[in-house]
K.L.:
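Please find one structure pasted underneath; my questions will follow.
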There are 2 protein chains.
Amino acid sequence: MTEAAPERRYHHGDLRRTLIETALGVMREEQNWQFTLREIARRAGVSHAAPYKHFPDKAALLTALAMIGFDQLRIALIKARSNAGGDPRAALLPMARAYVDFGTDNPALYRLMFGAEGVNRSDVHLSENAIGVLDTVTDVLQRGQSEGAFRRRAVRDQATACWSLLHGITMLSIDGLLLAEKVGLEPLDAAFRTIMEGIANGDENGRMPDVR
Amino acid sequence: MTEAAPERRYHHGDLRRTLIETALGVMREEQNWQFTLREIARRAGVSHAAPYKHFPDKAALLTALAMIGFDQLRIALIKARSNAGGDPRAALLPMARAYVDFGTDNPALYRLMFGAEGVNRSDVHLSENAIGVLDTVTDVLQRGQSEGAFRRRAVRDQATACWSLLHGITMLSIDGLLLAEKVGLEPLDAAFRTIMEGIANGDENGRMPDVR
DNA sequence: AACATATGTTGACACCGCCAACTTTGGGGA
DNA sequence: TCCCCAAAGTTGGCGGTGTCAACATATGTT
């Protein structure tokens, strides 16, 4: 504990970061971003207007949170990919799992990243963080094609399909719409099996790679 | 014009419907549901508290709008399917187009349907309207398999994949994330080509059905 | 005709986002 | 070293919001 006595100094010292972390915490707790800036300020132990010294308005705070989210997601994908060694075919499912897990682990954050009300979307989406997510998928597909594991089709077509599928599954999962009685217990595996048949080449026996 | 003089009567007569239509209109205009209940009331020409005689709170209004959206979407899908005649293979792409078009035509409504803040999701999603959307897709796949046009796989797996893909594309389109330089000019076609290879059987020459 | 009920209105409360004006603090020239 | 100024806090207030309670007026049933 290098934290000294928490005596209240006039200047907080690192309020910007504290606000972000507090907001992230509240979002996790309450599963939404309906929190008020005043509440964040209260929790951070500052006055109701202090946040305005760091963010011009609430949307700016949300935008910052969304960008952090994209960064975390990109890192999670890269990690999953590297865990799979160099094999694109083996990497795809773990990456898919990592993607969906990221979303379901923190639904509010994920939904915030994609089209929250009042957030300046162009800011968030044109960031390198956001573009990096799609690029990560494209990379794997590209390598898979080079190695002959995947069908030779326009990579961007496959990437679009993969990303859309992942985004869709994640969103529908978050919303609780993938009911077990309708889509089974493992919707990701189910969808993955189907799209994998559209991407991968069969092995010498014409069998598709195993999902598990 | 059967509308008589719009003289102001104490009782509006059909306020509930008017509120819904007004809200729908504002949503279209402003591309979000940040509107205030008071504004809806103003536009409807009633006092600021009148809406509370028809909806317990704002979330209830939004929930009603979302349900209407699901109903419209289901109808659009059924229409697209029937336009294609009885051929499941020919129906899939038009249905996909209808789905995405519905979303991009009224982005705020579509996003509202799936997980708006403060809307009671279980209410919306357990409605027959919402479930009907998935069922429409499942039907076509089922028939396609029976006729030998589609691969014999678990229908619910294919349905999950299709719905997720459609939902994903729609959402990403709405958010403006499917940049032409990344995914081409027709992301839906791109993704559709890929997933179609995972669903359809090739024809006698092993070729996939044409996308256009 | 009388009355219960549904539907509208008015006024109020607590709270929010945001702004302006003021205070404290810390750090970089003179 | 001191002074001063910009950065980072504080307080108080404005207009607006969702929601509620109390009241007013239509409507339709008996």
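Below, chain A is the first sequence line, B the second, and so on; all start at residue 1. This structure is a prediction, so every number in the text was calculated from the model and none was measured.
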K.L.:
More than 12 heavy atoms of other residues, nucleotides or ligands under 6.0 Å from CD of A:E128: yes or no?
P.N.:
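12 or below, so no.
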
K.L.:
In whole angstrom, what separates A:F55's CZ from D:dA8's P?
P.N.:
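After rounding, the reported distance stands at 12 Å.
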
K.L.:
The test is side chain to side chain contact (heavy atoms under 4.5 Å, CB included); show your working for B:Q158 and B:W163 and say whether it passes.
P.N.:
CA-CA 9 Å; B:Q158 293 179 334; B:W163 191 23; over 6 Å; no

K.L.:
Atom pairs, N/O to N/O, protein against nucleotides 13-17 of chain D, distance under 3.5 Å?
P.N.:
from, atom 1, to, atom 2, distance (Å)
D:dT17, OP1, B:T36, OG1, 3.4

K.L.:
Can you tell me if CD on B:E39 sees more than 12 non-hydrogen neighbours from other groups inside 6.0 Å?
P.N.:
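Result for CD/B:E39: enclosed.
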
K.L.:
Please determine if B:K58 forms a cation-pi arrangement with B:Y52, meaning its NZ or CZ atom is less than 6.0 Å from the six-membered ring centre and no more than 45° off the ring axis.
P.N.:
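Output no; distance or angle outside limits.
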
K.L.:
How long is the line joining OH of B:Y52 and P of C:dC13, in whole Å?
P.N.:
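Taking OH of B:Y52 and P of C:dC13, I get 17 Å after rounding.
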
K.L.:
Shortest non-hydrogen contact from A:L166 to A:T170?
P.N.:
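Minimum heavy-atom separation between A:L166 and A:T170: O-OG1, 2.6 Å.
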
K.L.:
Whole angstrom is fine here: how far is it from CG in A:L62 over to C1' in C:dC18?
P.N.:
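About 15 Å, once rounded to whole Å.
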
K.L.:
C:dC18 P sits how many Å from A:L61 CG, rounded?
P.N.:
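Distance check: A:L61 CG to C:dC18 P gives 10 Å.
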
K.L.:
Could you state the CD-C1' distance from B:Q34 to D:dG18, rounded to the nearest angstrom?
P.N.:
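Computing the B:Q34:CD to D:dG18:C1' distance gives 14 Å.
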
K.L.:
Between A:F114 and A:H167, what is the ring plane arrangement, given parallel below 30°, perpendicular above 60°, and tilted in between?
P.N.:
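Because their plane-to-plane angle lies in the 30° to 60° range, the rings of A:F114 and A:H167 count as tilted.
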
K.L.:
I want to verify a distance call: between D:dA8, D:dG12, C:dG8, whose nearest atom is closest to the A:K53 side chain?
P.N.:
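Nearest to the side-chain atoms of A:K53, counting from C-beta on, is D:dA8.
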
K.L.:
Among the nucleotides D:dG9, D:dT10, D:dA21, which one has an atom lying closest to any side-chain atom of A:S47?
P.N.:
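Nearest to the side-chain atoms of A:S47, counting from C-beta on, is D:dT10.
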
K.L.:
To the nearest Å, how far apart are A:I40 CD1 and C:dC18 C1'?
P.N.:
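Spelled out: CD1 on A:I40 to C1' on C:dC18 is 16 Å.
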
K.L.:
Both B:A59 and A:D14 contact DNA chain D. Which one's nearest nucleotide lies toward the 5' end?
P.N.:
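First, find each residue's nearest nucleotide; the 5'-ward one identifies A:D14.
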
